[in-house]
Every structure is written in structure tokens, then in C-alpha cells.
Amino acid sequence: MLPIKTKVLKAEKENEKVIRLTLGLQLSGAQPGQFVMVWVPGVDEKPISISESKPTLEICVANAGPASEKIASLKAGDEIFIRGPLGHGFEQKGRKWLMVGGGYGFGPLRFLARVGKDNGKSVEAILGARTKSLLMKKAVCETCFVTNDGSEGKTGTSVDELERRLADKNAKTDMVFSCGPERMMAAVAQACKKHGVPSQLLVERYMKCGFGICGHCAMGKWLACVDGPAIYGEEALSNPEFGKEHQDRCGCKKPL
Amino acid sequence: MIKLEVSVAGVKMCNPLVLAAGVRSNYADLLIRAAKEGAGAVTSKSCSLEPRPGHPNPTAMIHGQVVMNAIGLSNPGAKEEAEQLKKAVKEAGVPVIASVFGKNADEFAEASKIIEKAKPAMIELNISCPNVHREGRMFSADPAATEEIVRAVKKAVKLPVSAKLSPNVTDIAEIAVAAKRGGADAITAINTLSGMWIDAYAKKPYLANRQGGVSGPGIKPVALRCVWQIRQAVDLPIIGGGGITSGTDAAEMLMAGATAVSIGSAVCYRKNAFAEISKELAEFMESEGYAKVSDIKMD
């Protein structure tokens, strides 16, 4: 799979940290949860989740490191290269979906929510962030905003709100999808397990090849690039590295 | 009754398929996974004395019959690698071959000593990575350097040692002879072909390292030729590989003179590469009347 040249059509600020790039490229068959390798020649290549496929490809980039900072500073008209779609996306099972996002993890969940609504699913979302300026406010379904400091929406964490919803016997949620910091997702998976509701998460690891040859992005025996990045919560919880350890660029194990 | 067992320098394997170094082999859990998927032995990703981050991305691509990479030997360093290997040796249930590299013979020997503590079945010397040119020479292009490194490691450890050779040389047989002179117990061949991929629209090399190693089904003819030439020159066991993705590919590699067959890029082309290739090899042996792997020879 070769990289395809495309142009940035729009670069819009979602919040203090996140830029949404609309690209002039259609990737037919791209599924929510899948990612693309974004190559900026001479700079770097990074895996980024797809945050919309229609009418054209859209990605949300958090200004979080030297490479993503460069990607996040792209402007309309700039050229980039896309390899993908890659990986195994979310399984769109169940009828009553609840999205639980943390920080900049909301992009791929928004794509999933839109696809779910198109397919007649009932979809609601919870989005948490530390503070108001880190919320991704663009919503495609009924979204409950939560901030740790109470600067917007409810005060607390997205997991608190999830617990409240799962405890509500009338809610009938039958699939929870989550993307955000891994320890938050671990709490989401635990809460869902406790209430007997299946969950799917999107796991991130330092990635090199993106197609399953180099093995760098492993979480235990599981490879984020080809076995994931989507994974069922129960499977993640049974993986001894989930929520605990990842690898740096050398492959040294580090606590999360 | 078809017997798939082989023995490479005294290392007994339940089938001839060896996970190649650098392919999903960075951590214990991945080595164990390949063993469970049906590999007869597994080779860990090359490690050096100190941790290395490798090259920046892009580091790899796959297109048609070709895979390219310039990962740049990223690894956590021999001490952390030894911990991973200990777990793999304990839990894989198949022989674990540990790949080692260094900047000179002393570093190869020192890293091998650290790795030996994890009790792998064999040490494989990566003297043939095409992607770290700018840090020095590729040792396997030079018979004297090849011999010196093998000799230094043989002196440092008690384990069997295999030298992994590069196809990017004028005469690979000459290098195999040098490895044998240094005391090698086996030869692994081939490492990737040195190559380059230019993206016409980017007007730049795709890999950040500009050059990279070519693997994948497209390189099988080169690998067969190299292994055949090595077989003519030395009587050492050979772990032969390069573009092997099917049972008949494996049979061809054995006919070229390999004792065992390494599997690398095939894991990207087939979901259950090890199980499927060994099943196909057994079927081929059945249909062609071979009882054991060492019977498979060219007429």
C-alpha cells in the first residue's frame, strides 16, 4: 500500500490542543476505529485515527509532540501523504451505543457515532476533559460534556458519568465504545465488565511500520496495528500490559 | 509418516520454519505467539549493548511482492533484551535463537555474553543489516571482519553461533567460508537486499533513512541463489530464507541447500503463515514421496 498525495482542504481549531484537518481524499471502505499513516515528507510519519470519511477524509491531530505539532500546524493547501486505511476498526454490534471519550480521543468516536446513526443505532456520548479549553465541542449526537474542574458541563470524570448511566436500568446500553488515555479506558472497561455491558476500546502504542511486520506496537502478544487498534474491553483487561506498560521508540518497556 | 523435525547445529526443531529476526520478534510475548502459531523455532530482534531508537518514520512499506524497511535496529539493549529472552525461553516451547549485533567484534562478544545468560538455543550474529551504513561498514561484506566477529563471539560464549549473511556482496560463498573459518556452527541467509523507494509525487525517498532493506516474495530467486551458492561452499547447516510464503517455497529453499527455512514478511501476506506453510510442506512431501525434511533435494 503506497502513500497517496493529498491536500489539506481545511484546518480548523477544535480546541486549545486539537486541530481538525479535512483532506481532499476519499478512502472508500474506511471504518471507524481504523487509522492512516500521515506522512509529511522530510518531517515524520505518524499513525492518526480517522475522524470522518465523508465527504472526504478527516483527521484530528493533537499538538502533543514534535511530529504531531508539525502535522497540527498544517494549513489549507499544504500537501501531505496518506497510507491507509489500516488496522482493525470497531465491531458495530449492539443497538444502543454509548461513546466515552477522553481528551483528544473523541475524533474516532465521532466518526463511529455518525456511522451508527446512519445505520439506525441509538447513539449517545460522554466526553470528558481536564478543563473547558480541552473539550472537543463539535458533536454529532447527544453529548454530555464533563470537566474535571467543572469549567463546563458536569463536574467529575467521564467514567463517573458512565457509571451513573450503566447503573440506570432503563438505559439499556448494549455497547460502550471508548477512546482516550489508556488508564481512563481501563476504568471504562472495568465499569462495563462490572455491569455486564460489552465495551470496545481504541489502544495506542508507538508505531513504526503500521502493517504488522516490525512488531514494535505490541501490547503483550497483541499488535495495535493489525490486531487492533480496536479491542474488546474484556480482552484488554486480560492483557497484562493494558493500562500499565508501553514501549518507547527503542522498545524499552515503560510504565504508562 | 511425514516427519517435519530438523536439527540445526544440534538445535532440535519440531518443524523447519524459523521466525526471522526483526519480524514481530521484539518482545517475549511476540516470540511466544509465533511459537504458538506453529514456528519450529523463533529468532529475536537483533539487540546491541545499549538501547537504540532506530531511524525515524517512515521506516517500512509494503507494496505488491515487496516489503521494505529501514527500522534501523531499534532495540532496548542487551540487558533488557535478556529479560525478554528469559521469559521466551521459558514459555515458547520451541528453541529461541537470539540475534545480536554490535559496532565491532568486542561489542558483539560482550552483547552475546549478556544474552547467553538468558539461555537461548543459539546466537545469530547480525553482521548484515543494510540499514546502518552511516554508522560503519556492513561486516558481512568483508571476509576478514566476518571471521573476526564470529571468532570473538565463539570465544566469548558456549552456545552454537550462526552468522547471518547479506546478499549485497559479490561472492556470498566466500563470506560463508570466512564465517566457517571463524568457527560458525551455522549460516543464516539472507538478510534483506539493499534498496531504495522513491515516491514520484513526493519527489523524495519514502524511507526516512533513504535506503532500506528489501524483503517479501519478490526476493525469493535471490535468496535461493545465495543459499545454493553457500551450500556449494560450506558443509554447515543453513537457515535459509528470503521471500518464502508457501510450502512449495519452503521446499525450494530446502532444495537449494537449506537445513531450516526462515519466515519473515510472509506474516504480512498470510494470517496463519506458520501453520499454513508447514501444512503445505507436509502435503508436498506426501505427494512427492519425501519421508523427512532432509530428504528434500534437487535431482
Check the surroundings of atom [atom1] in [X]: do more than 12 heavy atoms from other residues, nucleotides or ligands lie under 6.0 Å from it?
X      : atom1 : answer
A:K121 : NZ    : yes
B:K279 : NZ    : no
A:K70  : NZ    : no
B:E50  : CD    : no
B:E116 : CD    : yes

What are the residues of residues 78-89 of chain B, in order of number, with any heavy atom under 4.5 angstrom from a heavy atom of chain A?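 Within residues 78-89 of chain B, near chain A: B:E80, B:Q84.
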Only heavy atoms, only distances under 4.5 angstrom. Which residues in residues 266-277 of chain B are near chain A?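 Heavy-atom contacts from residues 266-277 of chain B to chain A are B:V267, B:C268.
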Trace of the side-chain contact (heavy atoms from CB on, under 4.5 Å) decision for B:S74 with A:R249: CA-CA 7 Å; B:S74 57; A:R249 198 175 130 186; over 6 Å; no
What part of [X] gets closer than 4.5 Å to chain B, counting heavy atoms only: side chain, backbone, both or neither?
X      : answer
A:F211 : both
A:L223 : both
A:K208 : both
A:P3   : both

Can you find a side-chain donor-acceptor pair between B:Y27 and A:E241 that sits under 3.5 Å?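 No, A:E241 and B:Y27 have no side-chain donor paired with an acceptor closer than 3.5 Å.
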Which distance, rounded to the nearest 0.5 Å, do you find between the [atom1] of [X] and the [atom2] of [Y]?
X      : Y      : atom1 : atom2 : value
A:W39  : B:D199 : CH2   : CG    : 4.5 Å
A:D44  : B:T59  : CG    : OG1   : 9.0 Å
A:H216 : B:R24  : NE2   : CZ    : 15.0 Å
A:M1   : B:I62  : CE    : CD1   : 9.5 Å
B:N69  : A:C209 : CG    : SG    : 9.0 Å
B:R33  : A:D227 : CZ    : CG    : 4.0 Å

So, for [X] and [Y], which heavy atoms are closest and what is the spacing to 0.1 Å?
X      : Y      : result
B:N57  : A:M207 : ND2-O, 3.2 Å
B:I71  : A:C214 : CD1-CB, 3.7 Å
A:F81  : B:Y201 : CZ-C, 3.8 Å
B:K204 : A:P41  : CD-CB, 3.6 Å
B:P53  : A:C250 : N-SG, 3.4 Å
B:L30  : A:K221 : CD2-O, 3.7 Å

I'd like a table of donor-acceptor pairs (distance under 3.5 Å, sequence neighbours excluded) in which one partner is a side-chain atom from residues 30-38 of chain A, with atom names and distances.
residue : atom : partner : partner atom : Å
A:Q31   : OE1  : A:Q92   : NE2          : 3.3
A:Q34   : OE1  : A:Q31   : N            : 2.7
A:Q34   : NE2  : A:G87   : O            : 2.9

Would you check if B:P56 and A:E45 make a side-chain contact, meaning some heavy-atom pair closer than 4.5 Å?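 No, every pair of side-chain atoms sits at 4.5 Å or beyond.
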Sequence neighbours left out, what passes side chain to side chain contact (heavy atoms under 4.5 Å, CB included) with B:T43? Give chain and number order.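 B:T43 satisfies side chain to side chain contact (heavy atoms under 4.5 Å, CB included) with B:V18, B:A21, B:I97, B:S99, B:E124 once adjacent residues are dropped.
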When B:P58, B:G77, B:P51, B:G54 are compared by non-hydrogen pairs under 4.5 Å with chain A, the top option: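 So the answer, after comparing B:P58, B:G77, B:P51, B:G54, is B:P58.
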Does the side-chain contact (heavy atoms from CB on, under 4.5 Å) test come out yes or no for A:W222 and B:D29, once each step is laid out? CA-CA 8 Å; A:W222 180 88; B:D29 288 331; over 6 Å; no
